[in-house]
Amino acid sequence: MSGRSTVSRALPRTGPVVLAALVLVTALTAGCSTPEPRVAPTAEEAGGNLRGEPAPSAASPYWVDPDSDAARQVRAWEKEGREGDAKILRRISDRPVADWPAWDDPAPGIRAAVRAAARTKKTVLLVAYNIPHRDCGLYSAGGAKDADAYRSWIGAFADAIGDAPATVVLEPDALPHIADGCTPPGHHAERYQLLSEAVDTLKARPNTRVYLDAGNPDWIDEPSTMAQPLRRAGIDRADGFSLNVSNFQSNENVKAYAARLSDAVGGSHFVIDTSRNGKGPLSGGREEAWCNPPGRGLGTPPTTDTGDDRLDAYLWIKRPGDSDGTCRGGPPAGDWWPEYALGLAERAAS
């Protein structure tokens with residue numbers, strides 16, 4: 001994803017057109033950074049960490065991957081004698097973050113995560129990010145080659161979940177890129193159809209919750225602008241919408257925006273990505289403020305205890321520590337960046 005949203009290149013570990021100049025500028029202030037799916041651990045590996053301890057996931061209903069990039073970095077730093085840094089980084093490694101299944105075949109990674117989560121009676125948190133013509137050809141360009149390929153991919157995604165408890169964030173940026181004009185009009189009808197079908201495919205699994213992505217307040221200023229796209233994509237059959245994926249907008253601003261958008265679509269519930277919003281957005285309107293901005297911090301840890309009837313959960317959808325792209329000296333989008341992760345953890349909101 002590129003621009004205001006910047007999703008991460010994320011996991012399980014197997015493997016994520018430009019319009020006129022004006023539209024390109026708009027897009028560069030709006031999207032995600034591609035997740036590079038990783039290979040998930042085996043069920044045996046995921047039952048606990050290398051010390052034989054259970055995965056530290058008691059604080060939320062979501063599964064914590066004991067072999068995440070952050071967890072492996074903690075172990076590496078401990079071996080190097082960086083015990084202090086390793087302890088700080090546990091603020092990431094000990095909490096649940098979303099898996100972004102592979103674009104070629106999502107099933108193996110999802111099945112491994114589901115098996116591992118079952119051992120701790122937890123819910124897997126997944127992101128489906130493979131829509132055709134993804135990200136307007138920008139940082140996270142790609143996606144399924146055509147509509148039929150996407151249908152096959154999302155079908156495999158849903159089948160791999162099976163009857164397990166799962167929460168799926170569906171296609172970050174796909175609808176905001178329609179609303180802001182970045183996605184060419186010729187692709188709109190197909191995208192709406194594919195998203196609507198994906199909602200039904202995923203909701204056919206008995207214990208899967210689905211949230212259609214709706215961008216963030218700094219991207220689509222007026223919440224009502226997102227109402228019609230959400231309705232056309234099947235919000236009435238989904239469990240709600242997601243906001244702030246891979247972005248830095250404060251909880252206060254996002255919740256106010258979410259309430260208005262919820263009212264516009266019949267009281268729909270929502271989830272908020274708080275993975276990196278503990279210090280809010282970068283101030284001063286700087287160029288590419290969404291891309292590896294300095295001085296940011298982890299936000300509210302993942303929880304379903306939100307104190308708001310319509311806010312189902314605070315989630316870490318973007319994987320904190322994954323780069324947004326090569327801006328500001330970062331590695332390619334989605335690659336693990338340990339020092340940036342450490343900075344986020346040092347400045348954690350809680």
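Atoms considered below: every heavy atom in the structure, side chains included; atoms not considered: hydrogens, waters and symmetry mates.
For the pair Arg296 (side chain) and Lys279 (backbone), a donor-acceptor distance under 3.5 Å is present. Side-chain atoms of Ser152 never come within 3.5 Å of backbone atoms of Ala149 as a donor-acceptor pair (strictly under, hydrogens ignored). Judged by distance alone, with hydrogens and angles left aside, the side-chain atoms of Arg134 form a donor-acceptor pair with the main-chain N or O of Tyr129 at under 3.5 Å. Side-chain N or O atoms of Arg95 include one that pairs as donor or acceptor with a backbone N or O of Arg91 at under 3.5 Å. With hydrogens and angles ignored, the 3.5 Å screen pairs no side-chain donor or acceptor of Tyr314 with any backbone N or O of Gly299. For the pair Asn207 (side chain) and Ala164 (backbone), a donor-acceptor distance under 3.5 Å is absent. Side-chain N or O atoms of Asp239 include one that pairs as donor or acceptor with a backbone N or O of Val210 at under 3.5 Å. Judged by distance alone, with hydrogens and angles left aside, the side-chain atoms of Arg111 form no donor-acceptor pair with the main-chain N or O of Ala160 at under 3.5 Å. A donor-acceptor contact shorter than 3.5 Å links the side chain of Asn292 to the backbone of Asp324.
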For this session: Evaluate the criterion side-chain contact (heavy atoms from CB on, under 4.5 Å) for residue pair Ile131 and His187; output intermediate values, then yes/no.
Result: CA-CA 11 Å; Ile131 201 76; His187 298 315; over 6 Å; no
For this session: Could you walk me through whether Asp67 and Arg75 pass salt bridge (charged side-chain N to carboxylate O under 4.0 Å, His left out), step by step?
Result: CA-CA 10 Å; Asp67 198 39; Arg75 296 193 288 268; 2.8 Å; yes
Problem set entry | Intermediate values then yes/no, side-chain contact (heavy atoms from CB on, under 4.5 Å), Ile272 and Leu315 | CA-CA 6 Å; Ile272 296 174; Leu315 301 174; over 6 Å; no
For this session: For Asp94 and Lys87, run salt bridge (charged side-chain N to carboxylate O under 4.0 Å, His left out): C-alpha distance rounded to whole Å, both residues' side-chain angles, the deciding distance at 0.1 Å, then the answer.
Result: CA-CA 10 Å; Asp94 287 2; Lys87 181 178 180 180; over 6 Å; no
Exercise. After noting the C-alpha distance and the side-chain angles of Tyr257 and Met226, does the key distance pass the side-chain contact (heavy atoms from CB on, under 4.5 Å) rule?
Worked result: CA-CA 11 Å; Tyr257 183 95; Met226 288 303 306; 4.0 Å; yes
Problem set entry | Audit row: Asn130, Tyr150, side-chain contact (heavy atoms from CB on, under 4.5 Å) steps and yes/no | CA-CA 7 Å; Asn130 199 33; Tyr150 185 76; 4.2 Å; yes
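Arg347 CZ to Ile88 CD1: the interatomic distance, rounded to the nearest 0.5 Å, is 11.0 Å. Note that NE2 of His269 and CD1 of Ile235 are 11.0 Å apart. Values are rounded to the nearest 0.5 Å. Note that CG of Asn216 is 10.5 Å distant from CG of Asn253, once rounded to the nearest 0.5 Å. With rounding to the nearest 0.5 Å, the separation of CG in Leu175 from OG1 in Thr183 is 9.5 Å. Between the CG atom of Leu261 and the CG atom of Leu230 there is a distance of 5.5 Å, given to the nearest 0.5 Å. Taking CD of Glu171 as the start and CG of Asp213 as the end, the distance is 9.5 Å to the nearest 0.5 Å.
Looking at every heavy atom in both residues, Pro132 comes nearest to Ala147 through CG-N, 4.4 Å. Minimum interatomic distance between Pro332 and Ser323 (heavy atoms only, all atoms of both residues): O-CB, 3.6 Å. Taking each heavy atom of Val97 and Pro320 in turn, the nearest pair found is CG1-CD, 3.8 Å. A pairwise comparison of heavy atoms in Leu282 and Pro294 identifies CD1-O, 3.8 Å as the closest pair. Contact detail for Pro229 and Thr225: the closest heavy-atom pair is CD-O, 3.3 Å. Pro101 and Phe157 get closest at one heavy-atom pair: CG-CE1, 3.6 Å.
Using the six-membered ring where Trp is involved, Tyr340 and Trp337 have ring planes that are parallel, under 30° apart on the 30 and 60° scheme. Classification of the Trp219-His177 ring pair by plane angle, with boundaries at 30° and 60°, yields perpendicular.
Each of Thr274, Asn251, Thr306 was compared with Thr300 under the side-chain hydrogen bond (donor to acceptor under 3.5 Å, both in side chains) criterion, and only Asn251 meets it. Test Ile161, Thr123, Asp163, Val124 against Thr208 for side-chain contact (heavy atoms from CB on, under 4.5 Å) and you get one pass: Ile161. Just one of Lys203, Arg191, Arg151, Arg237 meets the salt bridge (Lys or Arg N to Asp or Glu O under 4.0 Å) condition when paired with Glu197; it is Arg151. Exactly one of Val74, Asp322, Ile92 qualifies for a side-chain contact (heavy atoms from CB on, under 4.5 Å) with Asp69. That residue is Asp322.
Inter-residue side-chain proximity for Arg72 and Trp77 is flagged as unmet; no heavy-atom pair is nearer than 4.5 Å. Counting only heavy atoms from C-beta outward, the side chains of Lys122 and Tyr62 never approach each other to under 4.5 Å. Residues Arg82 and Leu342 are in side-chain contact: their nearest non-hydrogen atoms beyond the backbone lie under 4.5 Å apart. Between Leu298 and Trp316, some side-chain heavy-atom pair lies under the 4.5 Å cut-off. Contact of the Pro293 side chain with the Phe248 side chain is registered, since non-hydrogen atoms from C-beta on lie closer than 4.5 Å. Side-chain contact between Ser68 and Arg319 is present, with at least one heavy-atom pair separated by less than 4.5 Å. Trp63 is listed as a side-chain neighbour of Asp99, based on a closest heavy-atom distance under 4.5 Å. Residues Ser196 and Arg232 fail the side-chain proximity criterion, which asks for heavy atoms closer than 4.5 Å.
Phe270 and Phe241 have their aromatic ring centers within a separation under 6.0 angstrom.
Using modelled atom types and a 3.5 Å distance limit, the side chains of Ser275 and Asp273 yield a donor-acceptor pair. A donor-acceptor contact closer than 3.5 angstrom is absent between the side chains of Arg209 and Thr167. At a cut-off of 3.5 Å, with distance as the only test, a side-chain donor of Ser224 or Glu222 sits close to an acceptor on the other residue.
Counting non-hydrogen atoms of neighbouring residues, nucleotides and ligands closer than 6.0 angstrom, the CD atom of Glu80 exceeds 12 such neighbours.
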